[in-house]
2 protein chains.
Amino acid sequence: MTDKNVLSDFRPNDHNHEACIAAALEIASAVCRERELRLTPLRRRVLELVWQQHMPVGAYDLLDALRGDGRRADPPTVYRALDFLVENGFVHRIESLNAYVGCGEPEHAHNGQFLICGNCSRVAEMEDPAISKLIREKANALGFRISQQTIEVTGLCGECRERAQT
Amino acid sequence: MTDKNVLSDFRPNDHNHEACIAAALEIASAVCRERELRLTPLRRRVLELVWQQHMPVGAYDLLDALRGDGRRADPPTVYRALDFLVENGFVHRIESLNAYVGCGEPEHAHNGQFLICGNCSRVAEMEDPAISKLIREKANALGFRISQQTIEVTGLCGECRERAQT
DNA sequence: TTAAATTATGTTATATTGTATTATTACTGT
DNA sequence: ACAGTAATAATACAATATAACATAATTTAA
Ligand SMILES: [Zn+2]
Ligand SMILES: [Zn+2]
Ligand SMILES: [Zn+2]
Ligand SMILES: [Zn+2]
C-alpha cells in the first residue's frame, strides 16, 4: 500500500475487514452513480459476496451464498451479475483459477497483475506500468496489437513463506 | 524466429506444417529418452494432435480426435496425457482459454509468454527474460516468492491487424 | 525368470464451470 | 395507460475437469 503500484497488498487476517467491504460497496455505488450504471440489489449483493474474503471466489460459491439468502438463484443469475461487475471493473476474473476477486480501485480502468498465494489463497493486485509497457513493447515488435493483458503469478506470500521456512 | 526471445512466432498459413509436427515429435522423443520419461503411444498421439495447428486445442477436441482414430477414449485418458505433456513442458496450457498448445522448445524448462490473436486464434510464444525478471523483482518487493508466471496477452496479430484496417 | 512393485491406461460416474434461449418483471419516459 | 428498455427468472444444455476403482503393461528385484 506504500507502493503506489500496488492496488491491494496481502491483507493480514486481523484487519478490519468490515471496513473493506463497506468501502468497496461505497466506491461501487459512487462510480455507478457517476457513470449512470445500475448497481441493482442483486449486483450489489454479489459484489458484497465477492468481497467476503481477499481471495478468489468461484461462481458456484456465490450461487450457494445467494441461495443461502433464501432467494432462488440459478447459474445465469450469478454469471450475469459477474459479467456486469467484471465489465465495469468492480471485480477481476482470475483466469488460472476460474474465480473472481474484488477490485479496490474501479475508478480507473485497468487490468491488474495478480500475485496468488498457493498456500493461503490470498491475492494481491499490482498495477505496474513498467510491466505493462515492457510487454506491450515486446508484442509490438512482433507486430502484435494488445487489447488485454492477463498476468497471474502464483507462489508464496511473505507470511506463508516465512512460516514455511521454520 | 530472428529474435531469440521468440520461441515461436505466428506462422503463415502456407508453411510446411508437416515439418513442424515431425520436429516436435522428434524433439519430444529425444527429450524423453534423455530424461527417462515414457512417451507412450497415447501420449505421443495426443502430442501429435495438439500440434495439428498452431492454435490452442481444447481437451474435448483432442478426445474427439482420439475417438476418430477408432479407439475408445474418455476424459481421463486425454487429461492424463495432457498432464504428462504439460508437466514435462511439451505442451503449454493457456489458462484464459482452457486449452493447450504445443511448445517448440521443451529442452529447457520455462513458462512462456503468449500472444493470442483474437481473430485467427493463432498463438505466438515469447520467452523474454526481461519481462520475467521485472515481474519477479516487483513481486519480491512485496515479499512474494514466485513459483509460476502466467502471462497471456490477447489482441491482433500483425496479419489480422493489417487485414482489419482495410 | 518369475514375483512384486510401479506406472500407465481403461472404465464408469460425477463434479465443476459456463451458455443459449425464452419468458417475465420492473423501471423509464411519453 | 402505454411503449420501450433493462434486468431478472427459469429451463435446459454445453464444456471442462476430476474421483474412484479396475485392469494392463512395464520395470525392478529377488
Ligand atoms: Zn479486508
Ligand atoms: Zn499466503
Ligand atoms: Zn507449423
Ligand atoms: Zn491473427
Side-chain angles (χ1 to χ4, degrees), chain A residues 28-29 32-33 35-50 55-88 90-101 121 150 152, chain B residues 28-29 32-50 55-88 90-101 116 121 150 152:
Chain A
S29 185
C32 284
R33 200 158 43 240
R35 297 189 198 155
E36 301 193 339
L37 298 171
R38 293 165 65 180
L39 189 63
T40 64
L42 175 64
R43 289 165 175 176
R44 185 188 165 84
R45 178 60 177 146
V46 171
L47 180 59
E48 189 179 20
L49 289 169
V50 168
M55 57 182 77
V57 197
Y60 279 69
D61 293 334
L62 296 169
L63 192 52
D64 288 343
L66 284 177
R67 286 170 174 157
D69 289 351
R71 75 184 303 158
R72 168 166 184 162
D74 293 288
T77 305
V78 72
Y79 278 107
R80 269 189 303 248
L82 285 171
D83 285 348
F84 171 86
L85 295 170
V86 170
E87 176 107 3
N88 296 110
F90 302 115
V91 161
H92 293 292
R93 176 179 163 84
I94 306 295
E95 298 290 349
S96 56
L97 297 174
N98 293 336
Y100 304 81
V101 68
S121 300
T150 298
E152 299 172 6
Chain B
S29 185
C32 284
R33 198 158 42 238
E34 181 164 342
R35 297 188 197 154
E36 300 193 341
L37 299 171
R38 291 162 65 179
L39 188 63
T40 63
L42 174 64
R43 291 165 173 175
R44 185 188 165 87
R45 177 61 178 146
V46 171
L47 180 59
E48 188 179 21
L49 288 169
V50 168
M55 56 181 77
V57 196
Y60 279 71
D61 292 333
L62 296 170
L63 193 51
D64 288 344
L66 284 178
R67 286 169 172 157
D69 289 350
R71 75 185 301 158
R72 169 171 181 164
D74 291 288
T77 304
V78 72
Y79 280 105
R80 276 191 292 238
L82 285 171
D83 285 347
F84 170 86
L85 295 170
V86 170
E87 176 108 0
N88 296 110
F90 302 115
V91 160
H92 292 292
R93 175 179 162 86
I94 306 296
E95 298 290 349
S96 58
L97 297 174
N98 295 335
Y100 304 81
V101 69
I116 306 161
S121 300
T150 298
E152 299 171 6

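Just so we're on the same page: letters track the sequence lines, and every chain starts at 1. Excluded from the calculations below are hydrogen atoms, water molecules and symmetry mates; all remaining heavy atoms, backbone and side chain alike, are included.
In this structure, B/Tyr100 reaches the sugar-phosphate backbone alone: every heavy-atom distance under 4.0 Å involves primed, P, OP1 or OP2 atoms, never a base. At the heavy-atom level, A/Arg43 lies under 4.0 Å from the strands shown only through sugar-phosphate atoms. Contact annotation for A/Asn98: backbone-only contact, meaning every heavy-atom pair under 4.0 Å involves sugar-phosphate atoms and none involves a base. Across all strands shown, A/Arg72 has heavy atoms under 4.0 Å from sugar-phosphate atoms exclusively, and none from any base.
At least one side-chain nitrogen or oxygen of A/Thr40 sits closer than 4.0 Å to the OP1 or OP2 atom of D/dT8. At C/dG10, one or more side-chain N or O atoms of B/Arg71 fall inside 4.0 Å of OP1 or OP2 (strictly under the cut-off).
In this structure, B/Pro76 and A/Ala73 both approach DNA chain D, and ranking their closest nucleotides by distance from the 5' end singles out A/Ala73. Take the nearest nucleotide of DNA chain C for B/Arg80 and for B/Pro75: the residue whose nucleotide is more 5' is B/Arg80.
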Please step through side chain to side chain contact (heavy atoms under 4.5 Å, CB included) for the pair B/Val78 and B/Tyr60, ending with a clear verdict. CA-CA 8 Å; B/Val78 72; B/Tyr60 279 71; over 6 Å; no

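Going from atom CG of A/Asp61 over to atom P of C/dT16 covers 9 Å, rounded to whole Å. Look at OH on B/Tyr79: it is 19 Å from P on C/dA13, rounded to the nearest Å. B/Asp74 places its CG atom 17 Å from the P atom of D/dA15, with the value rounded to the nearest Å. Regarding B/Leu85, its CG atom lies at a distance of 13 Å from the C1' atom of C/dA8, rounded to whole Å. The distance between atom CZ of A/Phe84 and atom P of D/dA7, rounded to the nearest whole Å, is 7 Å. A straight line from CG of A/Asp83 to P of C/dT17 spans 16 Å, rounded to a whole angstrom. Here C/dA15 presents its P atom at 16 Å from CG of A/Leu63, a figure rounded to the nearest Å. Taking atom CD of A/Glu36 as the reference point, atom P of C/dT28 lies 12 Å away to the nearest angstrom.
With D/dA17, D/dT11, C/dT12 as the choices, the nucleotide that has an atom nearest any side-chain atom of B/Arg93 turns out to be D/dA17. Here C/dC27 is the nucleotide among C/dG10, D/dA9, C/dC27 with the atom lying nearest to any side-chain atom of A/Arg38.
Stacking of A/Tyr60 onto the six-membered ring of C/dT16 is not present when judged by under 5.5 angstrom between centres and under 30° between planes.
A donor-acceptor distance shorter than 3.5 angstrom exists from the side chain of A/Arg43 to the backbone of A/Arg38, with no hydrogens or angles considered. Formation of a donor-acceptor pair under 3.5 Å by the A/Glu95 side chain with backbone atoms of A/Thr150 is not found in this model.
For the side chain to side chain contact (heavy atoms under 4.5 Å, CB included) with B/Val91, the lone residue among B/Leu47, B/Val101, B/Val46 that qualifies is B/Leu47.
For the 3.5 Å distance criterion, the side chains of B/Asn98 and B/Arg93 qualify, holding a donor opposite an acceptor.
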